[in-house]
Amino acid sequence: MMLPVGVAIDPKSGAMGQATGRYAKHLGETRGCYQDQAAVDALLAARGDLPVYEVVEFIQPGSDIIFGTTTMSPGQVGEEFFMTRGHFHQRRDRGEVYYTQSGRGVLLLESRQGESRTVDMVPGTCAFIPPDWAHRSINTGDAPLVFVWVCNADAGHDYAEILTRGMRQMVVKRDGAVALAPNPRYAA
Ligand code: F6R
Ligand code: ZN
């Protein structure tokens, strides 16, 4: 039987009291996300295969809901920032919620038709991700970005599309400011 439970989450680290799963993504395995491959190589040579983000999950067996935290390291690759791979959900009728706990970032969203939107990720902001919008989080600050996410357990992940076509927009640091720029590699 499923029982109610309160799961403690450290807002600064994303650590969860009763994790049922976790994984980490490092720079090397996410290199295809970035425009500037020479900058990826230079960073790998200088700092090694840095951890970019860690995901910790909580689900009760049989539950239709899963939640967890994503904790993103700060970092820049060329003019871009450390980012998640980004995905659509396999089930096109499944949305998601991202609640930022600490740090600062941008949630970059893109509809199946290629329409772009952003939501600022600042502590206390709860972002609604509609069904069938791809989503990628980007740490634009100089501290870890920690957010809690909640979605249906059967949502699934479809990484292939974003991997292949990229996202229409990039989040970059230009002239000391965080800005949106069109992605030259976007294959509409
Ligand atoms: C789940 C979800 C998040 C991300 C996580 C890592 O649907 O959106 O848990 O999976 O932030 O990002 P990706 O999966 O894009 O590498
Ligand atoms: Zn998702």
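Order of appearance sets the numbers: ligands from 1, and atoms from 1 within every ligand.
Smallest separation of non-hydrogen atoms from Gln169 and Pro182: OE1-N, 3.8 Å. Contact between Ser137 and Met121 at its shortest, heavy atoms only, is CB-SD, 3.9 Å. When every heavy atom of Phe81 is checked against every heavy atom of Asn139, the shortest pair comes out as CB-O, 3.3 Å.
Residue contact annotation: Lys25 has no non-hydrogen atom under 4.0 Å from ligand 1. At least one heavy atom of Tyr23 sits closer than 4.0 Å to an atom of ligand 1. For the pair Gly86 and ligand 1, a heavy-atom separation below 4.0 Å is found.
Shown in contact with His135 at under 4.0 Å from a heavy atom are these atoms of ligand 1, numbered in order with element: 8 (O). Distances below 4.0 Å separate heavy atoms of Glu96 from the following atoms of ligand 1: 1 (C), 2 (C), 3 (C), 7 (O), 8 (O).
From Asp132, atom CG reaches atom OG of Ser111 across 8.0 Å, with rounding to the nearest 0.5 Å.
Hydrophobic clustering of Ile, Leu, Val, Met, Phe, Trp and Tyr side chains at less than 4.5 Å, counting indirect connections, unites Phe82 with Val106.
The protein non-hydrogen atom at the shortest distance from atom 14 (O) of ligand 1 is Tyr159 OH, 2.4 Å. Annotation: atom 8 (O) of ligand 1 to nearest protein heavy atom, Tyr98 OH, 2.6 Å.
The angle His135:NE2 - the Zn ion (ligand 2) - Glu96:OE1 amounts to 100°, with values rounded to 10 degrees. Rounded to 10°, the angle formed at the Zn ion (ligand 2) by His89 NE2 and His87 NE2 is 110°.
Below 30°, between 30° and 60°, or above 60°: for Phe58 and Phe67 the angle between ring planes is between 30° and 60°, a tilted geometry.
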